[in-house]
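These values consider heavy atoms only, across backbone and side chains, with no hydrogens, waters or symmetry-generated copies.
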Amino acid sequence: MKLKYLRQVLGAIDAASDWAGRLSAYLIPVMMLIMTWEVVARYLLRQPTIWAMETSQYLFLATTVLGGGYLLLHGGHVNVAILYGRLSTRIRALFDVATSFFFFLFIGALLRSTWMNTVDAVVDLEHSPTYWGPPIYPVYIVMTLGVVLLLLQGLAKLIRDVMTAITGKEELSSRVAAGRQDQEP
Amino acid sequence: MSIGIVTAILFILLALLLLTGLPLAFGLGATAVVLALWEMGPAALFLLTTTAFSSWTSYTLVALPLFVLMANFLARSGIADDLYEMMYHWMGSLKGGLAMGTVLICAVFAAMSGVSAAGTVTMGLVALPSMLRRNYRKDIALGCISAGGSLGILIPPSIIMIVFASLSGASVGKLFMAGVVPGLVICALFVAYIGIRAQLQPSIGPSIPEDEKISWSQKLRLIKAVIFPVALVFLVLGTIYTGVTTPTEASAIGAFGALICAAIKKSLSWTMLKESTIEAFKLSVMVGWIVLGAKSFSHIYAAIGAGGYILELISGLEVSSWLILLIMQLILFLLGMFIDPIGIMMITLPVFLPLSQELGFDLIWFGVLFTVNMELAFITPPFGMNLFYMKGVVPPGITMGDIYRSILPFILLELLGLILLVLFPELVLWLPNLMMR
């Protein structure tokens, strides 16, 4: 019974990471169009833009930070497989539980400092110091959001690893990551 | 506590975290946090957000997903089949011609993409079955693909060079141009080796049967299919070389042009767009987070004065700078046998960059040597990513042992190339020095 609620919570976290990731992926073709437009504007229209370069930089930040949780969900953060790759699922889960302390140390510290930055930026309605000078606080808000998603996904992974380490089975494994979204267990 | 002991403890912690499977990005980041808390207290952690902001708004890194996007669009428009078809008829009648041609196609692929998987996987699927069918010896057929694919990161564009530039502050445009001649030199070494061996030992790569030979007009017609993508590559590299666009803008134009090429080939579809985008996204997110981990680490490491310490240590040894260069190359080579290139980069560059600067090495030259080392890392057993990519696409009869054996001569050739670049720095620096800026 309790497992059912747990599964729902984990499923919700998975879905959030997955959606955030897939949406932010499409910022990449947008970056392509913006930068192509910049070259066209400069050489064909002889009117370089003041916004194209900076906008694509912020879009890159958004894809990267929003993709953090997505990549964790889909096992895409690269690691060194020399030893780890040869272990059984259960031992691997045990190692993951142990090293998760360091994951949370890093991402927790990142969240704390990003949150403080974001609060400052919002309170001051901070603008970018460039000639174009767009408001910069939305960028910080996206950053906080992305780090929160990654932290939650890390939490979901920890819960799964603990279960796997105890039972030796991958009971709570993610349905989103396995591509079985619309199918009840 | 002395910086030496702190350094030792840090690297032991990092090694433990990585061996136990913590992803690189988090391992580096966590080590940075441990160091910051230990040496400077919690106030220093603001560095994480400043580092994240500056890394992820790096103009240089914007080029990364866009070059991958360009490669994916081109790969999915069937360019590999067209190139192979052309090469088959143009070079097939030479002894060893298909293997030599495969290396050349890998070089063309390298100029379309910045990763070494692109050439290896596509040629493994297209060229390998064809060569085996024509009775090519398997060690030549396998070796030329794994080795040729590794050119992907040396011939521009190059993901490894983009990351190197973002960590070291080197100019991406110059690094790209500096990779051209070395890429061609190593490509020529591969081709010459295959050609000479096939002359001496014709059985390793027989020419294609007479009845498959086609007329000159048919041969010319085959060129038409590849002319757009190849023109696009020259356009992208040309605009970087002349300074008409920045490398980042060139990556956008390249991706856009590749989209048009795909449209001309009628291979444009929603699925193709989606899959290409997601692939580019995954790679750039992965690199983005690793760069954050590595930069946090090197910023905090530098803040406690470690750079100076290591320089003092090394210069205290009073050995020649060439010996240190040799040792660096040796370390990179050994790490390359076990760790993937992005990982090696993140672990070694915080120490190697200030060191090479202190020793007075040219940053662009060092960057190219480093990239050749990373090429080697892709192909050196037991852990060479290209060899694993190959294993993923070879027919069932071929073992990992076959793949390992096939790559050995090419490793030696690549090392020979590396030595040439060390002895004749002009090979690297000639082209970037001709650039306008």
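- To the nearest 0.5 angstrom, Lys295(B) atom NZ is 8.0 Å from Thr51(B) atom OG1.
- Chain A forms more heavy-atom pairs under 4.5 Å with one residue of Leu273(B), Leu69(B), Ile278(B), Leu61(B) than with any other, namely Leu61(B).
- Proximity to chain B is absent for every atom of Thr118(A), based on heavy atoms less than 4.5 angstrom apart.
- The closest side-chain donor-acceptor pair between Thr246(B) and Thr248(B), if any, does not fall under 3.5 angstrom.
- Donor-acceptor pairing under 3.5 Å is lacking for the side chains of Thr114(A) and Thr144(A).
- The most heavy-atom pairs under 4.5 Å with chain B, out of Val78(A), Thr63(A), Leu66(A), come from Val78(A).
- Residue Leu27(A) does not touch chain B at all, counting heavy-atom pairs closer than 4.5 Å.
- Looking only at heavy-atom pairs under 4.5 Å with chain A, the residue among Phe338(B), Phe281(B), Phe383(B), Phe46(B) that has the most is Phe281(B).
- With chain B as partner, the option from Tyr43(A), Phe104(A), Tyr58(A) having the largest number of non-hydrogen pairs under 4.5 angstrom is Tyr43(A).
- Within the 4.5 angstrom heavy-atom criterion, no atom of Leu94(A) approaches chain B.
- For the residue pair Met35(A) and Ser56(A), the shortest heavy atom distance occurs at SD-OG, 3.2 Å.
- Within 6.0 Å of the CZ atom in Phe256(B), the count of heavy atoms belonging to other residues, nucleotides or ligands does not exceed 12.
- Within the 4.5 angstrom heavy-atom criterion, only side-chain atoms of Tyr140(A), from C-beta onward, approach chain B.
- Neither the backbone nor the side chain of Ile342(B) comes within contact range of chain A; no heavy atom of the residue lies under 4.5 Å from a heavy atom of that chain.
- Of the two parts of Leu110(A), the backbone and the side chain both hold a non-hydrogen atom closer than 4.5 Å to a non-hydrogen atom of chain B.
- In this structure, Arg22(A) fails the cation-pi test against Tyr70(A), since its NZ or CZ atom is not both closer than 6.0 Å to the six-membered ring centre and inside 45 degrees of the ring normal.
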